[in-house]
Amino acid sequence: MSSRFPAQGVPAVSDPVRRIGRRRLLRHAMAGAGALLAAGPLSGCASPASASGANSLSVWDLFQGGDGMLMDDMIEAVSKGAGGAEGFEIDRTILDWGPSYYTKLAMSAAGGRASDVAAMHLSRLAGYAPGGLLDAFDLDLLAEYGVGQKDFTPAVWSRTQHDGTVYAIPLDVHPFIVFYDKKAAEKAGLLDSSGALAPMGSPEALLEAGKALAEATGQAGILFGHVTDTAQNWRLFAALYAQTGAEFTLPDGGPAEIDIDAAVRAVTFMTQLFDGRTNPNNLDYYGSVAAFTSGRGGMAMLGEWELPALKEFDIDLGAAPFPQVFDKPAVYTDSHSLVLPHQDSPDPARRREAHRYVAAILKQSLTWASAGHIPAYQTVLAKPEYAALDPQSSYADAAKVAVLDPPNWFTGAGSNFQNRMCQPLQSALLGNTTPEKAVRQMVREADTLLRQPNPVTS
């Protein structure tokens, strides 16, 4: 997941009953995209007509680099008939992570060129399912292939639905966690008897951990890169705010519903933790990674997707779910999910094969876990082979307390919402404003977005 680069997809209709004509939906999809970045042409994209036979499926995703190679391996396995099942003929299209992906996904569904299956961040579902850009999954059909609600944590499964209907099947959970140098953490007295990071339990405990790690490394304690980043501050805030037990909701039309006191509590702690002395407050994302990998800090707050890169360095690497410091455990996360882009008249045999393909890919997600992602499919998560993965298995419990963006058409992975939340938070961490003023600005930004008409329905 290349989460440092912003991506704003095309939102969808808020009225679940109303259907929009293809031309009108396509026109609005393009208008919404134009407000952000121009979309590339669709001429090179696969369409259902490009493959022949029920088990010949077109698949779109945004997985490149290491993730892309792992997805290649998973597709190859299911194509050859992993586990003795019948194989598939897969026509895979890889699109750039960013505005082009979510724009083309919306346009393909609106313009009759949708793939059979596509990848989508679960946090973006509210911008697509309500307006008919996605088709619902047949849970009875999925159950025939060994996949059902029981196979996913409630925290993640609850976000797969719109109006009680399931539109996405999670492939993974990719949380915002902590990586740490085991040698520094041991020297700082932060490990339990099993050699894992001991629970914190309070803001004071994490502050003291930062001081102990700074003493152990002789430099910084906890590293966090946020300057000019469009998501990092939001990830940290969202985790801490959720730990207070407060709700952050964005009802259509507004105003935003946020517990101001809880939000100020979270931001105040952020400024105390990254005080510019024990823990730097002015690092960008790359600077924080470089500082951690060069031994200039004992802990780094990052997404688990950095695991493959971190393993390339000479660090005795440990990892853990984001520490609970307030009233309840909560970890900010997202999920790569598989969806069925809308087709006007899907072929029943191909749609059945699409369900079979989704189930087959889930069963290959031990391969996906090698990149750091937590398999959403609990059967894979329970395998001894997953338990043997180090440090992946040490933060698997993050999936049980996953917190995603509040649902609305403008939120989700790489969205403008995240960017606008990050700006006042950055000002607070740099000491340019108070936590109280930062929170008030966040509320104003959210209310501004809530007043904007959904481009698809306006």
Side-chain angles (χ1 to χ4, degrees), residues 1-2 5 7-10 12 22 25-26 29-30 33 37-80 87-122 124-125 127-128 133-135 137 167-169 171-172 335-347 350-351 353-362 364-365 367-368 371 373 413-414:
M1 173 184 176
S2 303
F5 303 105
Q8 175 68 38
V10 179
R22 177 182 298 171
L25 185 52
L26 182 58
M30 295 182 70
L37 286 177
L42 279 171
S43 57
C45 300
S47 69
S50 67
S52 61
N55 65 346
S56 300
L57 300 174
S58 58
V59 176
W60 282 16
D61 66 58
L62 39 62
F63 304 125
Q64 302 182 34
D67 280 356
M69 289 187 285
L70 291 175
M71 183 53 66
D72 279 341
D73 292 342
M74 294 161 69
I75 290 176
E76 182 178 6
V78 302
S79 295
K80 291 181 177 178
F88 298 89
E89 180 184 335
I90 302 300
D91 179 4
R92 182 186 180 200
T93 299
I94 305 170
L95 300 171
D96 287 339
W97 149 249
S100 63
Y101 182 77
Y102 282 109
T103 297
K104 289 179 180 179
L105 186 61
M107 292 174 68
S108 71
R113 299 176 59 87
S115 60
D116 293 299
V117 180
M120 171 180 279
H121 288 87
L122 196 56
R124 304 305 293 258
L125 190 69
Y128 288 76
L133 292 174
L134 302 177
D135 290 338
F137 276 92
Y167 288 91
I169 301 300
L171 172 63
D172 67 32
S335 167
H336 293 120
S337 300
L338 299 174
V339 298
L340 305 173
H342 173 67
Q343 296 179 8
D344 289 339
S345 301
D347 177 79
R350 287 175 69 96
R351 186 50 60 89
E353 285 296 278
H355 283 69
R356 186 169 74 89
Y357 171 81
V358 168
I361 286 292
L362 291 184
Q364 292 296 314
S365 55
T367 298
W368 198 237
H373 311 313

Could you give the distance from [atom1] ([X]) to [atom2] ([Y]), rounded to the nearest 0.5 Å?
X: Ser115; Y: Leu57; atom1: OG; atom2: CG; value: 9.5 Å
X: Arg92; Y: Ile94; atom1: CZ; atom2: CD1; value: 3.5 Å
X: Ser365; Y: His373; atom1: OG; atom2: NE2; value: 11.0 Å
X: Ser58; Y: Asp91; atom1: OG; atom2: CG; value: 6.5 Å
X: Met74; Y: Phe63; atom1: CE; atom2: CZ; value: 8.0 Å

Would you name the heavy atoms of [X] and [Y] that are closest together and state the gap between them?
X: Gly127; Y: Leu133; answer: O-CD1, 4.2 Å
X: Ala119; Y: Leu338; answer: CA-CD2, 4.4 Å
X: Ala371; Y: Asp67; answer: CB-OD1, 3.5 Å

Side chain to side chain donor-acceptor pair (under 3.5 Å) between Asp96 and Gln64: does it pass, once the steps are laid out?
-> CA-CA 8 Å; Asp96 287 339; Gln64 302 182 34; 3.0 Å; yes
Just so I know, are the side chains of [X] and [Y] near enough to count as touching, which here means a heavy-atom distance under 4.5 Å?
X: Lys104; Y: Leu95; result: yes
X: Ile361; Y: Val78; result: yes
X: Leu70; Y: Asp72; result: no
X: Pro341; Y: Leu105; result: yes
X: Leu362; Y: Tyr357; result: no
X: Leu171; Y: Gln364; result: no
X: Leu340; Y: Tyr167; result: no

Step-by-step side chain to side chain contact (heavy atoms under 4.5 Å, CB included) determination, His121 to Leu62 = CA-CA 10 Å; His121 288 87; Leu62 39 62; 4.0 Å; yes
Taking NZ, NE, NH1 and NH2 as the nitrogens, is one of them in Arg351 or Asp116 under 4.0 Å from a carboxylate oxygen of the other?
->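 No.
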Apply side chain to side chain contact (heavy atoms under 4.5 Å, CB included) to the pair Val117 and Val339, showing each step before the final yes or no.
-> CA-CA 6 Å; Val117 180; Val339 298; over 6 Å; no
Would a distance-only check, ignoring hydrogens and angles, find a side-chain to backbone donor-acceptor pair under 3.5 Å from Arg124 to Ala413?
-> yes
Under 3.5 Å, is there a donor-acceptor pair between the side chain of Asp135 and the main chain of Gln343?
-> yes
Answer yes or no for Arg356 and Phe88: cation-pi contact, defined as NZ/CZ to six-membered ring centre under 6.0 Å and angle to ring axis within 45°.
-> yes
Test item: side-chain donor near acceptor, His342 and Tyr128, under 3.5 Å = no
Taking side chain to side chain donor-acceptor pair (under 3.5 Å) as the test, write out the residues that go with Asp172, two or more places apart.
-> His174, His336, Trp368
Determine, step by step, whether Ile75 and Met71 satisfy the side chain to side chain contact (heavy atoms under 4.5 Å, CB included) criterion, reporting the C-alpha distance in whole Å, the side-chain angles of both residues, the deciding distance to 0.1 Å, and the verdict.
-> CA-CA 6 Å; Ile75 290 176; Met71 183 53 66; 3.9 Å; yes
